[in-house]
There are 2 protein chains.
Amino acid sequence: MTAKAVEELEAPATSDAQPFLPDYLLFLTASVSAAMSEEFHEHVRTRGLRVPEWRVLACLHDDDGQMITRLARFAMIEQSRLTRIIDNMDERGLLERRSDKADRRRVRIFLTRAGAGLAAELVSEARAHEKRLIQRLPDGLGQDLKATVKRLHGVLWDGEQD
Amino acid sequence: MTAKAVEELEAPATSDAQPFLPDYLLFLTASVSAAMSEEFHEHVRTRGLRVPEWRVLACLHDDDGQMITRLARFAMIEQSRLTRIIDNMDERGLLERRSDKADRRRVRIFLTRAGAGLAAELVSEARAHEKRLIQRLPDGLGQDLKATVKRLHGVLWDGEQD
DNA sequence: TATGAAAAGATGAAAACTCATATTTTTATT
DNA sequence: AATAAAAATATGAGTTTTCATCTTTTCATA
């Protein structure tokens with residue numbers, strides 16, 4: 001065996017010691033989140049919506065008449081983008097803007113009848129999908145994850161609630 | 001109390017029974033993932049990189065010389081976008097393309113010395129940040145989450161490994 | 001009650017992203 | 001070996017997204 005060959009055996013691709021990503025919380029979480037969501041997101045597109053639009057519907061389903069800033073935080077959408085998403089969903093008749101009487105800077109977003117119907121359907125489909133997804137996972141992995149992220153969500157969103 | 005008032009008490013904003021999102025796994029996971037990552041992503045931008053670029057560096061740090069398709073899967077970046085991100089990082093001297101001798105369709109991406117240095121720094125900072133993040137969380141929440149997503153990542157990525 | 005700071009949304013322009021598809025190379029089939 | 005199908009990457013063009021900034025309205029306080 002040549003000196004070069006030995007060197008290559010002892011100095012792998014890159015990485016000194018342990019690989020980083022398989023032990024990095026933020027990567028694992030993002031990756032798991034994306035992988036789990038993929039399937040339902042595909043379904044959402046099938047229904048003629050983009051993922052952010054689905055998030056808006058879901059947020060309003062839970063709490064209709066939110067103002068844009070709050071909606072943006074919950075739906076994880078940057079404000080100016082959300083403004084334009086709302087323009088578009090408004091044109092499509094899914095929701096409507098109403099200016100807030102008490103604070104005229106605010107614009108409150110309400111689902112139309114059609115929007116509420118679509119939201120209700122998708123929410124119901126999402127619940128069913130989650131059930132299947134969790135069943136498909138081995139052990140109590142799904143339940144474990146859900147319990148943990150629920151607690152975490154509470155912790156991380158404390159203080160910035162509205 | 002008027003009939004109207006009673007009706008309003010019984011029929012809240014939208015939502016019939018339980019709110020959906022606070023009990024929806026995919027939302028909770030995405031939301032927690034985004035919230036936890038925010039801080040470090042901000043740091044990454046401070047260092048002059050976008051998040052997808054940081055993901056590329058991290059992937060190559062662990063496994064240098066990957067082909068574009070594989071890198072795209074791991075870094076959760078659409079292929080044609082990754083091609084252009086690589087163009088750009090190449091121009092900036094962070095990495096370089098080398099065509100694969102054995103299969104000339106493939107382009108393998110290697111970190112330059114500068115790129116490897118930057119990757120190593122950021123990986124080290126990411127590890128430190130994760131430590132702090134986990135410490136900040138109450139109970140063993142951080143550890144719980146990490147253990148769970150690690151198991152899940154294994155399950156979800158089985159079969160599509162390379 | 002003026003006045004400056006902050007909050008909410010909207011918007012123009014630039015940058016980034018996506019989609020479909022082209023090109024090159026390899027693999028599988030006949 | 002020829003040919004069709006598949007895989008890997010690149011690219012044009014259209015759409016989205018972002019960033020900074022503007023306007024309007026409210027809040028704090030001197």
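No hydrogens, no waters, no symmetry mates; every other heavy atom, side chains included, goes into these values.
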| message | Taking ring-ring contact (aromatic ring centres under 6.0 Å, His included) as the cut-off, I'd like each qualifying pair that reaches into residues 80-118 of chain A, sequence neighbours left out, listed once. | response | none
| message | If the cut-off is 4.0 Å, is T69(B) near the phosphate of dA7(D), judged by side-chain N/O to OP1 or OP2? | response | no
| message | With side-chain hydrogen bond (donor to acceptor under 3.5 Å, both in side chains) as the rule and sequence neighbours excluded, what pairs involving residues 111-123 of chain A come up? | response | R47(A)-E121(A)
| request: Please round to the nearest 0.5 Å and tell me the distance separating atom CG of D87(A) and atom CG of L95(A). | output: 10.0 Å
| message | Whole angstroms only, please: what is the CG-P distance between L71(B) and dA8(D)? | response | 14 Å
| Closest non-hydrogen atom pair between L25(B) and E130(A), with its separation | N-OE1, 2.8 Å
| So H129(A) and F40(A), would you call those rings parallel, tilted or perpendicular, with 30° and 60° as cut-offs? | tilted
| field | Derivation of the ring pair (Phe, Tyr, Trp, His ring centres under 6.0 Å) call for F74(A) and W157(A) | value | CA-CA 10 Å; F74(A) 275 93; W157(A) 279 69; 5.3 Å; yes
| field | Length of the line joining I77(A):CD1 and dG9(C):P, which is rounded to integer Å | value | 14 Å
| Rounded to whole angstroms, how far apart are CE on M76(B) and C1' on dC17(C)? | 17 Å
| request: Using heavy atoms and a sub-4.0 Å distance, could you list which residues of residues 33-50 of chain A are near DNA chain C? By number, please. | output: none
| task | Have a look at R108(B) and say if it touches a base, only the backbone sugar-phosphate, or nothing, with a 4.0 Å heavy-atom cut-off. | result | nothing
Under 3.5 Å, N/O pairs linking protein and nucleotides 20-22 of chain D:
none

| task | Ignoring the backbone of M67(B), work out which of dA8(D), dT18(D), dA10(D) is nearest its side chain. | result | dA8(D)
| said: Grouping I, L, V, M, F, W and Y whenever their side-chain heavy atoms are under 4.5 Å apart, do V51(A) and L94(A) come out in a common cluster? | reply: no
| Toward the 5' end of DNA chain D, which comes first, R81(A) or I68(B), by nearest nucleotide? | I68(B)
| query | Taking atom P of dG9(C) as reference, at what distance in whole Å does atom CZ of R73(A) sit? | reply | 11 Å
| request: Send over the distance from I86(A) CD1 to dT17(D) C1', rounded to a whole Å. | output: 15 Å
| Rounded to the nearest 0.5 Å, what separation is found between the CG atom of L145(A) and the CG atom of L152(A)? | 10.0 Å
| task | List the steps, then state whether side-chain contact (heavy atoms from CB on, under 4.5 Å) holds for R97(A) with I109(A). | result | CA-CA 5 Å; R97(A) 286 183 161 90; I109(A) 310 300; 3.9 Å; yes
| field | Residues in contact with DNA chain D, drawn from residues 98-107 of chain B - heavy-atom cutoff 4.0 Å | value | R105(B), R106(B), V107(B)
| task | Using side chain to side chain donor-acceptor pair (under 3.5 Å) as the criterion, list what pairs up with Q79(B), not counting sequence neighbours. | result | T83(B)
| Residue pair N88(B) / R92(B), side-chain donor-acceptor N/O under 3.5 Å | yes
| said: What is the distance, to the nearest angstrom, from the CD1 atom on I85(A) to the P atom on dT16(D)? | reply: 10 Å
